[in-house]
Structure formats: C-alpha cells, structure tokens
Number of protein chains: 2
Amino acid sequence: MTDPVARIGDVARAAGVSTATVSRALRGLPHVASATRQRVLAAAADLDYRPNLPAARLAAGTTNTIATAVPDPAAWFNATIVGALGRHITAAGYDLLLSGVASSDERQRFIELNGVRSGRSDAVVLIDVALDAEIASAFVAQGGCAVTIGFRTPALSSVTVDNVAVGRSATEILLDHDHRRIGLLSLSGGDSLNFSIPSQRAAGYAGAHSTAGLTPDPALTVSTSNSWAEARRAAHALLRAAEPPSAIFAMCDEQAFGAMLAARDLGLRIPDDLSLVGVDDHDQSRLVGLTTVRQHVATQGAVAAELLLQMLGPNVGPPQHVQLDTELIIRDSVGPPRID
Amino acid sequence: MTDPVARIGDVARAAGVSTATVSRALRGLPHVASATRQRVLAAAADLDYRPNLPAARLAAGTTNTIATAVPDPAAWFNATIVGALGRHITAAGYDLLLSGVASSDERQRFIELNGVRSGRSDAVVLIDVALDAEIASAFVAQGGCAVTIGFRTPALSSVTVDNVAVGRSATEILLDHDHRRIGLLSLSGGDSLNFSIPSQRAAGYAGAHSTAGLTPDPALTVSTSNSWAEARRAAHALLRAAEPPSAIFAMCDEQAFGAMLAARDLGLRIPDDLSLVGVDDHDQSRLVGLTTVRQHVATQGAVAAELLLQMLGPNVGPPQHVQLDTELIIRDSVGPPRID
DNA sequence: TTGAAAGCGCTACCAC
DNA sequence: GTGGTAGCGCTTTCAA
C-alpha cells in the first residue's frame, strides 16, 4: 500500500553520487558532468522520484506561493479576478493560496498567517479587503510584499479604478435623461470589506447632483450587500415609498439585477417606468440590457499579477498605484422618466 | 528594514526553556507547567514570534493543504464550488491551493505535482476534470487522497448528479409542451474537461425522445463551450436553419443565456417563439425567467469537503460516491410551440 | 566536477 | 514537567 516514496538520498545511492549532485543535476544547475547528469536523471526516472516541494522550499528559503484574500470567492467580481491572477502567477511558477476572509477576524488571521514571519507565502494579494494604514506599514516594514485590488493605502501597491468618476458618470446619464429623483443602492460590506468604494461612488453621485444644482434626497439611499436578493428587497422598499425614485443607480450590477426583479415584482417596466444604471459590466448585464459603468475586472487581476511578479523580482522599488479606466456602457435600462 | 525575525530558539532563550518546551507551550500541548507556559507565551508575544508554518509542517510530516484543480476558476459553477469548499476546509484548518487546469498538460502537471510524493498537499479535489481510471488508481496506490466533483471514477470518492436524469427531465418538459424539434446545445469541454457530463445529458435527451416514440434530428445538436458568446453564435445558426427547432435544451444556463441573446437578435420572443431549458440554476437564471434543472452547486462543494475531511481523518474507508438530487425549476421560458 | 556536512525552523522521541 | 537531540527532505557553502 504505502510504498516507501523515493527520497533524494535513494536517487543519490542509485546513481552512485551525492545528494548535492542529484540536487544540482535535477534542477539543471551547472557544474555537473553531462554523463553524471544522465545517470542521475535515469535513476530518478527509474525510482519515479519527485522532489518534496515544501522541504526544497524550506531549504531554499522561499515559498513560491502567493496568498490571496477575498471576502467571498464565489462572487463574480472576485472569481473573475482570481481567475486572471491565477493564470498569470501560475505561469510564473507560483502557487496560489486562496482564503476567504468574510469577517475582520478572518482578515486579521490572514494577515498574521501570511506575514513574512510565518513563511507561508512570498507575497499577498488583497482583493477588496481594506487594511489600516498602520497595519499595512507594519506589514511592509517586516518585509511583507503585497498588492491590493480595489483598495488603496500608501504603503502597498494597488490597482483600482476612479470610483468617484464611476459614481459621477452613472449619475450623470440619469440626470441627462431628466431624472430628478434618483435612488442609490449603496454597497454595505461585511466588516472586512472595503468601505471606501461605496463612499467614493456615493461622492460621485452627490457631485453629479450638485453640478446640476441639485441635492439628492437622503431618503433615496439604501445600503445592501452585493446579493441581488437583498438588493431586491431594498429596491422594493424604495419603489413603494410615498415619493419613489424614477431611476436607480446601483453600485454593482448584481444589485441592479435585484432592482430589476423588484421592478418586475411591482409591474414596473424598464426603462419606461424605471431607469437603472449599474457598475461592473457583469457577464450577465448584456443579457438583461443593463446600462452600466464597466470596469475591466480580469485586467485588474492581470495587472496585479504583473505588479506582484515585478516586486518579487530582483529590483525592488516603491509601491506602485495603477488606476484603470472605466467606461459607460449604454444599453437599454435608461430612458426618460415617466410623466404622470 | 529586514529586522531579524524571531525564531523558536529566540523564544526559548528569552523564556529560559528549551525549544521543545516552547513548541509544546505554544501549541497548547499537555505536559507543560502553567507557570512555564505563561512565561513562554509572554516571551513569544514580546518577540512577536510567529511559527514558520512550512518548517512546522515539514517536521510534523503534514501539509495541511488541499489542492484544488478546476478548468476555469472564473466560471460561475466552479467559483461557487470553490467558495463553499474553501469555507469548509478553512474552518477545519486546511489551506486551499487553487490551480487552473485548462489543458490536459496542465492537468497532468497538477497530478504529478500534487501526488503524495511531492508533499505539497494532503489531498486533492478535482472539479470537473476527468482522469483516466488507471491514473486514478495509481494515484491512490501511492497513497493519494482525492475527491472528484462532477466526474466519477471508481478509485476516487466523488460527488455528482444523475446527468442522464437531468437531460431527460429537461427534454421531457419540452416534449410535454408538444415540442417536436428540440435543439440541443451541447457542452464541449477543453481537453482537460469532463466529457461524460455532455454525453450523459445527451443520453437523457435521446432517452426522453425515444420514450415518446421520437427520434431527435442530429442536425439539431451543436456543441459549444460554456461561454454564452459562443453559445449565442451556435444558437443563432440553429435558429436560422431551414427547419429550426421550436425549443432548445441548453446543457448549462450560461449557454441558455447565449441562446436568449440569439433569440433576441432574431426577434424571437421567449417562450412565444422559442422555448428554452437550461441546467444549473445559475444565480442569474431567475432574473431572466429561465426554466432550468437545478443542481445544488454550493452543496456539492460542501459535501466534497465533508468527504475529504473524513478521508483525512483516522479511519480510512473505501471511496464513497455521493449523488445529489436535481430538480426542475419552472419559470417562464417554456411554452407551447408557435403554430405557423 | 563532486562530496561532506551544516543548516532551513520546527517537531517528537526518549531520557531525566 | 522538561531538555537534549535526532530527524523531516532538501539546498548550499566549502573543500577536495
């Protein structure tokens, strides 16, 4: 059953050389006579030898692993980023360790577990999880290497979008269509989530209003998670209020989907009875004709991977902050307000 | 900058005890006087000591890591499973290593890299990736521990659904509505993917037909990936054929979404001009009123985690195969064929 | 070009 | 209850 696995020593013995030579030969390092290398290779193949990675890494003092923290690995945004990120770092020879950090306790644990100190990973990527500036600084002071996505703090490299602009352009298109009561479906993170995104998008929403000489009605703002089920309930309440909005700006497409469902519940047609704008350009948004502010999600993962690989390279530099473009995608969910 | 990280020896020295005692004290093992433990704890806190995980694991001969292979981590089905799986195994104290294996080369590499031999993981979970029976047997013969999801081979524990029944019930509802020309949007995996699922669902489709005394027109079957963009093109072609189907059975909801788009392109309304059934009950299916055969995706991840944890436990047993139920979810995408 | 031996940081066994 | 010490499996000087 448990056949004794071949170790480097077994290969050495079989090839009649030392373990040092086996190590060199197998890794293609120089200073090995090619005849010797052949012999080692043959012996290794013969014994079906596989080097023990953790041991090799311990000895070499590296981990070749990138640890990733994300609030919810199943959410579309996160999954898309993880996919892109994984592709790139795997190609570069790194392993991807994935942790869900739904609560701030878990986030805390993640940070501790993945500091350089614990030797579990060479670097960390934080997707939509916020970090106190001091914790971040302490992390890098200890030699930690990290990049954040969707969140920005000075000490760490980051990839983000301009969320104020996002909120502004989503609101503007609604304003341009003469909507004057615009509901806001705001994002309420779990406690480990990133609060700056909702507040920045809300700032854009407010800014667009004030540019137009308007002041949004605070009663029109409600917060929900990114689940459409929750957004649906919230939108439902909004739309059944005494003075309902004629349009809704949802901070993510999933919430917009919930709003669509709510509209349907109430017999409201989109865009005739209700206009709607989301953010993300979710895979399904096109299907339902949702007008939305697209952010290039997979690209964010790819860029993060690039930054990471660069930081892990020989020449260290200061943290880099890249901000990606967004664009308004016009589909069929925005029209003029209904006149009653 | 690179402040020297505290090692177990430093803690031992600071507390005036041996490393053995530190190890015991820190891990809460018995045979440590509580006064000693306090002293060790204090010293560790003082030095901000973090045990080096890889080293600890190497010494203890464990990895505490589960390696997961999935064709595409970004796909909804996979992401949902990974999310559920991760939650459970993390709770049990394991790390989750995630690898995308889009090609059979990558799958091969994954298997080699994660055999017991390489000591990288304690167990492996394969999501929708197929394995030759011999490779699977060899894997367990070497002491490998694995569970597969969506694919079944004798040697490995698995969690699956009855895909023939899935295909049958999707087809039956269409047949029951008097459709006689039913298109089949079949799944074509990448080369690492699991081919048994499409063929089983197709068998269900054929079986339902023959039970009704019918023979499906082979021209009505087309294969695409699970991307809706591709499915859209395929459905488009199907619907513009000389004798188009009056209904389509799509092997996954994402393909059904593509078919919806194709229908829209052609000015066909659902279900008036075209009926549609999918499989999965994707998060978005409810939004677009798609009738579908639901499989409990997150549950599959949870069950897989359970099997895994059990296998990793003390009492080894034979591989277990659990088959989860599916259910037809009736929404608004199926109606009688149009009479022209 | 090759080998001996000293680690990497921790655990676990066996004495005391 | 505690410490000494031999590993875990590999890498990497350093000398030969």
Side-chain angles (χ1 to χ4, degrees), chain A residues 2 4-41 43-44 47-65 113 115-122 143, chain B residues 2 4-41 43-44 47-65 113 115-122 143:
Chain A
T2 325
V5 177
R7 300 305 178 195
I8 195 171
D10 302 323
V11 178
R13 211 164 303 121
V17 296
S18 72
T19 59
T21 301
V22 173
S23 177
R24 282 184 290 242
L26 256 28
R27 285 180 303 154
L29 296 185
H31 306 304
V32 181
S34 76
T36 309
R37 174 158 303 166
Q38 297 311 328
R39 213 146 23 94
V40 171
L41 255 30
L47 294 170
D48 196 18
Y49 167 72
R50 302 266 183 280
N52 180 301
L53 266 67
R57 289 169 174 179
L58 177 61
T62 178
T63 73
N64 257 280
T65 298
L113 232 52
V116 244
R117 333 286 307 289
S118 60
R120 197 166 71 149
S121 60
D122 291 338
Chain B
T2 325
V5 177
R7 301 305 178 195
I8 195 170
D10 303 322
V11 178
R13 211 165 303 121
V17 296
S18 72
T19 60
T21 300
V22 173
S23 177
R24 280 183 293 238
L26 256 28
R27 287 181 300 155
L29 295 185
H31 305 304
V32 181
S34 75
T36 310
R37 174 158 304 166
Q38 297 311 326
R39 215 150 17 97
V40 171
L41 255 29
L47 295 170
D48 197 18
Y49 167 72
R50 301 268 184 276
N52 181 301
L53 265 68
R57 288 170 174 177
L58 176 61
T62 178
T63 72
N64 258 280
T65 299
L113 232 52
V116 243
R117 332 286 307 289
S118 59
R120 196 166 71 149
S121 60
D122 291 337

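Given the structure is predicted, the values throughout are model-derived calculations rather than measurements. Note: hydrogens, waters and symmetry copies are ignored here, and every other heavy atom, side chains too, is used. Numbers restart at 1 for each chain; the letters A, B, ... are given by sequence-line order, proteins then strands.
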**OP:** Using atom CG of B/Leu26 as one end and atom P of C/dA12 as the other, report the distance to the nearest whole Å.
**Re:** 14 Å

**OP:** Check the distance between C/dC10's P and B/Asn64's CG and give it to me in whole angstrom.
**Re:** 16 Å

Original post:
Would you call A/Asp10-A/Arg13 a salt bridge at under 4.0 Å N-O?
Top reply: yes

Original post:
Between B/Leu29 (CG) and C/dC13 (P), how many Å, whole number?
Top reply: 11 Å

**OP:** Carefully, step by step, assess A/Val40 and A/Val17 under the rule side chain to side chain contact (heavy atoms under 4.5 Å, CB included).
**Re:** CA-CA 8 Å; A/Val40 171; A/Val17 296; 4.0 Å; yes

Subject >> For atom CG of B/Leu58 and atom C1' of D/dA6, their distance in whole Å >> reply: 14 Å

Original post:
Is any side-chain nitrogen or oxygen of B/Ser23 closer than 4.0 Å to OP1 or OP2 of C/dC10?
Top reply: no

**OP:** Identify the heavy atoms of B/Ala14 and B/Ala43 that sit nearest to each other, and give their distance.
**Re:** CB-CB, 4.0 Å

Original post:
Is B/Pro54 touching bases, backbone alone, or none of the nucleic acid, heavy atoms closer than 4.0 Å?
Top reply: nothing

Original post:
Between A/Arg50 (CZ) and D/dC10 (C1'), how many Å, whole number?
Top reply: 17 Å

**OP:** May I ask you to verify if any side-chain N or O of B/Arg7 is less than 4.0 angstrom from the OP1 or OP2 atom of C/dC10?
**Re:** no

Subject >> B/Arg24 side chain to B/Leu29 backbone, donor-acceptor under 3.5 Å >> reply: no

Original post:
Taking only side-chain nitrogens and oxygens of A/Arg57, does any of them come within less than 4.0 Å of OP1 or OP2 of C/dC8?
Top reply: no

Interface polar pairs with nucleotides 2-6 of chain C, N/O, under 3.5 angstrom:
unit_1 : atom_1 : unit_2  : atom_2 : d
C/dT2  : OP1    : A/Thr36 : OG1    : 2.2
C/dT2  : OP2    : A/Ala33 : N      : 2.6
C/dT2  : OP2    : A/Thr36 : OG1    : 3.3
C/dG3  : OP2    : A/Ser18 : N      : 2.9
C/dG3  : OP2    : A/Ser18 : OG     : 3.4
C/dG3  : OP2    : A/Thr21 : OG1    : 2.8
C/dG3  : N7     : A/Arg24 : NH2    : 3.0
C/dG3  : O6     : A/Arg24 : NH1    : 3.3

**OP:** Could you check how far CD1 of B/Ile8 sits from P of D/dG7, rounded to whole Å?
**Re:** 19 Å

**OP:** Take B/Asp122 and B/Thr65, measure what side chain to side chain contact (heavy atoms under 4.5 Å, CB included) needs, and give me the verdict at the end.
**Re:** CA-CA 6 Å; B/Asp122 291 337; B/Thr65 299; 5.8 Å; no

Original post:
Within the distance-only criterion (no hydrogens, no angle test), does the side chain of B/Thr19 pair as donor or acceptor with the backbone N or O of B/Ala12 below 3.5 angstrom?
Top reply: no

**OP:** Mind calculating the distance between CG (A/Asn52) and P (D/dG9) to the nearest angstrom?
**Re:** 7 Å

Original post:
Do B/Arg57 side-chain atoms and A/Pro54 backbone N/O form a donor-acceptor pair below 3.5 Å?
Top reply: no

Original post:
Taking only N and O in the side chain of A/Tyr49, is any of them less than 4.0 Å away from OP1 or OP2 of D/dG9?
Top reply: no

